[in-house]
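Reviewing the structure listed below.
All ligand and atom numbering here is 1-based and tracks the order in the structure. Positions are given from 1, in the same order as the sequence printed here.
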Amino acid sequence: MTSSSSDSDFFAPMRFEAEVLDCEVEGSLPAALQGAFYRSCADRRFAPLYADDTPYNSDGAVDQFRFYDGHVDFLSRYVRTERFLAERKAHRALFGRYRNRSTSDPSVRHLSHNTANTTPIVHGGMLFSMKEESLPTRMDPSTLDTLGEWNFSGKITAKTFTAHPKLDPFTGELIAFSYEAKGDCSDDIAVYVIDKNAAVTNEIWFKVPVVSSMHDMAITDRHVILPTTGMVTSPERLQRGELHWAYDPTVPAHVAIVPRNGKAKDVRWFHGTPDQAMLVHTTNAWSEGNKVILEAPVAAENFHPYFPRVDGLPNDPARYVPTMRRWTFDLDSNSDGWQEEILFGGMKVTSFTRIDDRYLTRKNRYSFMMTSDPSLPVNREFADTLAVRVSNAWYRFDHLSGSIDKFSAGDSYGVSEPQFVPRSPAAPEGDGYLIGVVNDFRTLRSELVVVDAMNLAAGAVARVKLPFRLHMQVHGWWVPWSVLPFQAR
Ligand SMILES: [Fe+2]
């Protein structure tokens with residue numbers, strides 16, 4: 001039987017790095033796959049100092065799959081953060097509860113608490129592994145050697161940097177923001193525009209109505225969209241030695257809309273309701289005239305089971321599952337509210353939503369998601385695991401027809417977030433492959449599967465079989481060889 005403990009099977013500590021040359025491939029890898037797929041993973045190498053800590057507080061590791069001419073090589077490395085190096089020296093955990101420096105061993109409280117465990121991004125020829133409480137950690141995109149925290153040649157003065165900056169596919173600009181930008185509990189937001197050569201070209205500072213977890217953002221060709229959430233913090237919480245976040249069901253959603261090249265005076269705040277305040281990831285956004293359209297999964301309550309409610313009540317499972325929503329902000333109106341439509345009949349989904357990234361900033365027809373689907377074949381032995389702890393399906397949503405195309409890797413497999421790779425730079429939207437790591441709970445081994453993105457139901461066209469299990473992924477990133485500064489082999 002599979003244990004439901006959070007430190008078993010694929011969640012168990014790895015303490016493992018690997019290189020595999022010419023991975024075993026079942027089927028044949030499409031010629032379109034010419035590039036590198038990076039994954040940022042979370043792996044707790046040592047038992048946590050506090051039993052109620054969250055998996056979000058685990059060490060970062062980055063995996064790299066190099067695809068070339070029908071072959072693939074694999075490499076994985078931990079991110080050598082200050083925290084990793086200190087705990088490596090001590091051979092035990094030294095860092096305390098999630099984002100609460102006062103709970104760490106006194107010997108390390110002055111060090112960066114960055115885990116670099118959330119999102120890998122390549123920009124300006126540099127690879128970063130990102131964690132929102134800290135600056136990006138720069139890594140060598142070829143060897144995965146850690147090069148250290150990166151402040152864009154001194155131009156990023158904020159202490160934090162989102163793990164979900166947006167890369168504009170048309171201009172090559174990286175748009176980013178920082179919250180708690182002057183340190184724990186600060187109500188300061190910074191927005192940065194970074195050009196394709198990694199030079200900062202605009203910086204805007206302003207105040208937020210509520211200090212909350214702001215995990216993701218969205219951009220259109222003209223605007224930056226920044227939603228707050230109901231996950232709040234306070235100096236008192238931190239002084240009491242608690243986890244950084246708790247969910248407050250009375251806190252409404254606030255959304256800042258900022259012109260990309262504007263100033264602080266141009267920031268416009270819109271205000272919603274508490275049951276709109278759990279937006280973790282955005283799907284996409286675009287402009288229609290002077291309207292800004294944002295699509296995202298949004299939950300009505302605490303989406304993060306690892307964090308408590310401020311009122312001490314249990315989380316309500318009926319309300320913390322997201323639905324896909326479209327929010328329309330009319331910049332010509334004096335109203336400080338927005339219009340909401342619930343998409344796909346209010347279907348219960350997850351927050352792991354992606355698109356064909358070439359359509360970022362313009363209206364997309366398709367979106368992709370990892371989610372749980374008990375209607376797909378599920379081996380009874382792993383049913384609880386696949387239904388509750390991990391996802392077992394990839395979906396392609398057709399936002400025009402309303403139809404859904406589904407992929408299952410097998411009845412004992414969990415899936416990681418899917419990554420879309422276009423068949424060619426000029427291929428129509430969605431014409432290409434979904435790739436990503438799937439985990440077989442029967443064998444405790446991992447595979448990377450390649451699926452025709454327009455025909456998920458047909459199953460994998462190729463499976464890259466690894467002779468071991470991989471770390472649990474948070475997010476992934478695809479980069480074609482044309483933008484990487486090294487050779488595939
Ligand atoms: Fe995320």
More than 12 heavy atoms from other groups under 6.0 Å of CD on Glu340: yes

Salt bridge flag under 4.0 Å for residues Arg99 and Glu180: yes

Test log, rule ring pair (Phe, Tyr, Trp, His ring centres under 6.0 Å), inputs Phe10 and Phe441: CA-CA 8 Å; Phe10 283 95; Phe441 283 78; 4.9 Å; yes

Glu87/Arg15 ion pair, N-O < 4.0 Å: no

Criterion ring pair (Phe, Tyr, Trp, His ring centres under 6.0 Å) against His304, the qualifying member of Trp245, Tyr56, Tyr98, Tyr320: Tyr56

Row check, Tyr413 ring normal vs Arg463 NZ/CZ: under 6.0 Å, within 45°: yes

Of the protein N/O/S atoms, how many lie under 2.8 Å from the Fe ion (ligand 1): 4

